[in-house]
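See below for the structure under consideration.
Keep in mind that the numbers below use all heavy atoms, side chains included, and drop hydrogens, waters and symmetry copies.
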Amino acid sequence: MNSDFETFPVLSALQKIVDSIQNYPVTILDAPPGSGKTTALPLELLHSGIAQGKKICILEPRRIAAKNAAKRMSQSIGEPVGNTIGYRVRFDSQTNHNTKIEFLTDGILTRYLLSDPELSEYGLLIFDEFHERRLESDLCFALARKSQEIFRNDLKILIMSATLEGQNFSKIGIPNPPIQVSMETHPLEIFYMGESKKNNQIRLLDLIPKATKQMEGDILVFLSGKKEILDLKYRLESMPSVHESSVVLPLFGDMSLSDQEKVFLPDTKGKKKIILSTNIAESSVTIPGVRVVFDTGFFKHSVFDADSGITHLVRDRISLSSAKQRAGRAAREGKGFVYRLWSKEEESSFYDRTKPEILEGDLDRLVLEVKSFGEEIHSLPFLDPPNKGSMLLSIERLKQLGCLDENDQLTSLGKNALQYPVPIRLGSILSRLPKHEGTSIADIISILGKESQGTEAKEFFKSASPNQFSLELKNVYEQIMNIFKHKSENRTHTKQFHRDHYICLGFPDRIAKRKEKEGKEYKLSNGKIGFLNSNLLELPEFLIALDTFSFGQTLYITQYLPVSLDLIEDCLENQIKIRQNPEIRTNQKEESFLIVKEERSIGELVLGSKELHKPNPHSIQTALEGYLLDLDWESEWKKKEDLIHYYNRVLFLVQNGVLDLNVSFEHLKSNAKDWLFPFLNFETQKFNLSHLPFLEAFKAYVGYENQSLIQKEAPSSIQVPSGSQIPIQYTNNEPELHVKLQELFGLKQLPNLAKGKVKILIHLLSPARRPVQITKDLESFWNIGYHEVKKELKGRYPKHPWPDKPWEAVPTKHLNHNKRS
């Protein structure tokens with residue numbers, strides 16, 4: 001066994017691993033790349049009997065890794081794949097009744113967990129490359145833990161990874177620390193090639209040809225996506241020096257498995273391999289022969305905008321753990337060289353690890369799968385629970401699609417949508433599609449493949465055919481057709497629907513309306529604004545945004561289906577809200593009228609509106625309620641002098657405890673229906689807002705029985721000794737009287753108001769009606785203040801009386817010569 005330990009260092013910890021699996025529900029193994037954890041350890045665990053006669057399931061996040069690991073393990077025991085060791089991946093499987101170790105991808109394992117929550121065939125689940133933290137892998141782990149808790153306390157779980165830094169397992173009840181395995185590694189030299197702002201393709205076109213001449217081994221180049229890979233492949237193959245000595249092989253996710261497998265095989269002509277890969281090569285089984293790695297330091301991943309229900313492909317910096325994984329590819333078989341196309345200084349800003357997909361991915365399928373398992377998301381032991389806000393938005397979207405009912409429970413449509421290996425919205429379309437519309441499936445699948453990107457989908461649908469699909473998409477189509485032909489007939493719709501109706505039902509949040517007749521901007525029902533970059537002279541008024549991409553804050557509609565308003569209203573009638581909104585119009589006399597417009601909308605998109613020429617009284621009432629709630633009552637009442645004056649008198653008495661009423665504007669506003677509406681006539685087409693009977697209605701609200709009390713304790717005016725009737729102003733809870741001082745000669749005091757509680761504040765005016773004194777004590781003014789005022793004003797106003805003894809003078813509003821002042 002010692003030689004095995006040297007070949008596979010992980011086996012030096014075999015007994016520790018077996019003991020931990022026996023003693024704990026979950027075991028964690030931290031072992032470096034190349035230590036044998038994927039291909040050697042599972043065989044030893046099978047021989048140890050730890051699975052108690054049941055099968056061992058190994059979850060590999062990627063199909064290529066699952067398939068090649070199964071092949072390599074089978075070769076090590078001299079068997080063809082599919083016997084003792086097998087695999088099940090999408091579109092391909094190799095197993096039989098003798099299979100004891102199965103490599104599965106996360107989608108396959110999820111289906112097993114949903115159909116058999118006890119996982120009755122398996123004794124041990126191994127989660128390989130756990131650090132990748134794909135959404136489905138996280139779900140499988142949470143469901144498996146729940147299965148342990150509810151059904152299978154004998155089910156064991158082993159987590160394996162080369163980079164587990166930052167993963168907090170103790171918070172979900174896994175207290176036992178990771179088992180650490182170390183190993184001697186081949187030397188690895190890492191070179192930082194300077195700031196990454198330079199054009200990476202130009203740099204690689206310079207560096208790769210030199211590496212093919214000067215360095216041993218194959219070359220692995222990490223790029224961010226398919227487009228960069230194919231562009232660089234084309235340019236490298238056009239260089240004679242590269243073409244003669246090397247073969248350039250792409251490696252990305254939507255290639256066929258047979259094409260992906262070419263990177264693991266030596267070139268038939270003995271040429272050096274230059275493998276251009278996305279991060280798919282970070283964690284797969286060792287690619288033989290690689291000794292040189294070029295790393296651009298970027299990757300592309302899907303980020304889901306929960307608010308809009310739209311997924312965007314984003315180019316981001318890799319994490320430090322990803323950089324470590326990529327570098328490790330160069331030193332699996334000998335001394336390796338890594339060229340990082342960034343500076344050491346830049347690296348200080350890298351995140352420690354890649355954000356788990358569950359925190360920024362599309363949760364629609366996850367929500368339905370958890371419901372199908374019979375649980376709620378909050379009850380599952382996720383290592384990183386999904387964002388609550390995103391989850392709630394997903395639930396609302398699934399209700400729109402009909403996959404959840406109003407009580408958030410899984411519907412039959414939701415169950416059927418889960419059967420299809422496509423995004424849930426497309427699954428819901430296929431679930432609704434009747435059998436006689438089966439010819440439309442190719443069109444629907446073409447949406448998934450983005451085959452019509454940049455074009456009007458209807459044009460592409462004319463020629464959509466499985467024969468034109470990529471191999472991957474063709475496999476999807478065949479899988480869906482197999483499910484579709486076994487479905488029961490759908491009787492959901494009694495109307496005669498066709499393909500576009502069903503597509504509309506799957507995209508209720510992507511209905512879009514052109515904002516302006518000549519513009520290219522569209523408002524979507526999810527509230528977003530999209531830009532349609534099309535050269536067509538006539539753009540549709542309404543469309544469905546089937547696919548989009550974002551550039552900064554701008555959302556571009558790259559694939560769309562023109563639809564009519566009639567079609568939208570026909571198939572989404574249950575989701576269209578009808579609101580009656582008030583609108584104020586002013587005529588030439590500057591009179592304001594309230595009209596009612598009926599508005600039809602879906603989500604945040606207004607489909608259309610019209611003025612109701614004969615609105616029913618209830619519509620007017622509803623519209624008026626909305627208008628009054630938005631109205632600034634204080635400003636509005638101040639425009640009407642008699643109204644605000646009466647209101648202030650009432651408010652004065654309320655504030656001084658004479659009247660027991662709530663007269664705050666907020667209270668009056670919210671209860672206008674009770675006190676104002678009885679004074680209105682709603683049997684009218686246009687409701688005149690300029691003549692709302694606020695004063696009459698407010699007096700009724702105050703109570704007619706209180707009017708004499710108001711007149712006595714807060715009179716609108718008061719007769720002064722001169723005989724003038726002077727109005728009292730009620731502001732700031734203090735009554736004020738503005739009067740010429742000559743009209744008050746001989747008066748000691750004015751009567752108190754509010755049942756004697758409040759004195760009137762007297763503004764004594766000059767003959768020019770300018771204030772000369774403000775007082776509540778007239779007697780003191782006559783004795784002291786008056787003589788100072790007289791000195792100052794007698795010379796200025798000689799025609800007005802200025803007696804030496806104001807106590808004895810006759811009050812007057814006239815001049816000395818009996819002329820009116």
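The pair Glu237-Lys233 meets the salt-bridge criterion, with a side-chain N (NZ, NE, NH1 or NH2) lying under 4.0 Å from an Asp/Glu carboxylate O. Salt bridge status for Glu129 with Arg62: absent, with no side-chain N to carboxylate O gap under 4.0 Å. Under the 4.0 Å criterion applied to side-chain N and carboxylate O atoms, Lys227 and Asp231 are assigned as salt-bridge partners. By the 4.0 Å N-to-carboxylate-O rule, Lys610 lies too far from Glu599 to be salt-bridged with it. Ionic pairing of Glu437 and Arg499 is not present here: no N-O contact between side-chain nitrogen and carboxylate oxygen is shorter than 4.0 angstrom. With salt bridges taken as basic N to acidic carboxylate O contacts below 4.0 Å, none links Asp295 and Arg340.
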Stepwise side-chain contact (heavy atoms from CB on, under 4.5 Å) check, His378 with Lys388: CA-CA 9 Å; His378 61 78; Lys388 286 184 180 179; over 6 Å; no
Residues Ile444, Leu430; criterion side-chain contact (heavy atoms from CB on, under 4.5 Å); working and verdict: CA-CA 8 Å; Ile444 295 164; Leu430 294 167; 4.2 Å; yes
Criterion salt bridge (charged side-chain N to carboxylate O under 4.0 Å, His left out) on Arg600 and Glu569, from CA distance to verdict: CA-CA 9 Å; Arg600 301 182 320 286; Glu569 293 185 330; 2.6 Å; yes
Derivation of the side-chain contact (heavy atoms from CB on, under 4.5 Å) call for Leu605 and Leu607: CA-CA 6 Å; Leu605 178 67; Leu607 298 173; 4.1 Å; yes
Stepwise side-chain contact (heavy atoms from CB on, under 4.5 Å) test for Ile108 and Arg111: CA-CA 5 Å; Ile108 304 290; Arg111 289 211 296 277; 3.3 Å; yes
Worked verdict on Glu345 versus Tyr192 for side-chain hydrogen bond (donor to acceptor under 3.5 Å, both in side chains): CA-CA 10 Å; Glu345 291 72 27; Tyr192 291 88; over 6 Å; no
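The closest side-chain heavy-atom distance from Glu357 to Phe304 is not below 4.5 Å. With a 4.5 Å cut-off on side-chain heavy atoms, Lys487 and Lys435 count as touching. Residues Val293 and Tyr339 form no side-chain contact, since every pair of their non-hydrogen atoms from C-beta on lies 4.5 Å or further apart. Inter-residue side-chain proximity for Pro421 and Gln479 is flagged as met; some heavy-atom pair is nearer than 4.5 Å. Counting only heavy atoms from C-beta outward, the side chains of Ile511 and Leu572 approach each other to under 4.5 Å. Looking at heavy atoms from C-beta onward, Phe382 lies in side-chain contact with Ile377 at the 4.5 angstrom threshold. Using a 4.5 Å heavy-atom cutoff, the side chains of Ile503 and Leu546 are in contact. Put simply, the side chain of Phe497 reaches to within 4.5 Å of the side chain of Cys571, judged on heavy atoms.
The shortest non-hydrogen separation linking Ser428 to Leu401 is OG-CD2, 4.1 Å. Pairing each heavy atom of Asp384 with each of Arg353, the nearest pair is OD2-NH2, 4.3 Å. Between Ala512 and Tyr522, the shortest heavy-atom contact is CB-CB, 3.9 Å. In this structure, Ile424 and Cys403 approach most closely via the heavy-atom pair CG2-SG, 4.0 Å. Counting all heavy atoms, side chain and backbone alike, Arg510 lies closest to Ser525 at N-OG, 3.5 Å. Minimum interatomic distance between Ser224 and Thr296 (heavy atoms only, all atoms of both residues): N-OG1, 4.4 Å.
Using modelled atom types, one side-chain atom of Thr110 and one backbone atom of Asp106 make a donor-acceptor pair closer than 3.5 Å. Under a 3.5 Å cut-off, the side chain of Ser319 and the backbone N or O of Ser322 do form a donor-acceptor pair. Between the side chain of Thr105 and the backbone N or O of Arg63, no donor-acceptor pair lies under 3.5 Å. No donor-acceptor pair closer than 3.5 Å links the side chain of Arg90 to the backbone N or O of Val476. A donor-acceptor contact shorter than 3.5 Å links the side chain of Arg365 to the backbone of Val422. Put simply, the side chain of Arg514 gets close to the backbone of Gly519: a donor and an acceptor are under 3.5 Å apart. In this structure, Ser372 contributes its side chain and Glu369 its backbone to no donor-acceptor pair below 3.5 Å. The backbone N or O of Leu567 sits less than 3.5 Å from a side-chain atom of Ser564, completing a donor-acceptor pair. Formation of a donor-acceptor pair under 3.5 Å by the Ser431 side chain with backbone atoms of Ala417 is found in this model.
For the side-chain contact (heavy atoms from CB on, under 4.5 Å) test with Leu398, the passing option among Leu404, Asp405, Leu410 is Leu404; the others fail. The side-chain contact (heavy atoms from CB on, under 4.5 Å) with Val263 is formed by just one residue from the set Leu249, Leu220, Ile280; it is Leu249. When the options Leu276, Thr278, Asn279 are evaluated for a side-chain contact (heavy atoms from CB on, under 4.5 Å) with Leu223, the one that passes is Leu276.
Scanning for ring-ring contact (aromatic ring centres under 6.0 Å, His included) contacts around Phe531 gives Tyr556, with sequence neighbours left out. Applying the salt bridge (Lys or Arg N to Asp or Glu O under 4.0 Å) criterion to Lys399, with sequence neighbours excluded, gives Glu396, Asp408.
Separation of atoms CZ (Arg326) and CZ (Phe299) is listed at 8.5 Å; rounding is to 0.5 Å. Interatomic distance, CZ of Phe222 versus OG of Ser277, reported as 5.5 Å (0.5 Å rounding). If you take CG on Leu383 and CD1 on Ile358, they are separated by 9.5 Å, rounding to the nearest 0.5 Å. With values rounded to the nearest 0.5 angstrom, Leu251 atom CG is found 5.5 Å from Gln260 atom CD. Between the CG atom in Asp259 and the CD1 atom in Ile64 there is a gap of 10.0 Å [rounded to 0.5 Å]. Annotation: the span from Leu135 atom CG to Cys140 atom SG amounts to 10.0 Å, rounded to 0.5 Å.
For the residue pair Glu360 / His301, a side-chain donor-acceptor distance below 3.5 Å is found, with atom types taken as modelled. A side-chain donor from one of Asp364 and Ser394 sits under 3.5 Å from a side-chain acceptor of the other. One side chain, Asn416 or Gln419, offers a donor N or O that lies under 3.5 Å from an acceptor on the other.
Remark: Arg425 is positioned above the aromatic ring of Phe507, its terminal NZ or CZ atom under 6.0 angstrom from the ring centre and at most 45 degrees off the axis. Geometric assessment of Arg317 against the ring of Phe350 yields a negative cation-pi assignment under the 6.0 Å and 45° thresholds.
More than 12 heavy atoms of other shown residues, nucleotides or ligands fall within 6.0 angstrom of atom CD in Gln409. When the shell of 6.0 Å around NZ of Lys415 is examined, it contains 12 or fewer heavy atoms from other residues, nucleotides or ligands.
Sorted by first then second residue, the salt bridge (charged side-chain N to carboxylate O under 4.0 Å, His left out) pairs that include residues 523-543, not counting sequence neighbours, are Asp305-Lys528.
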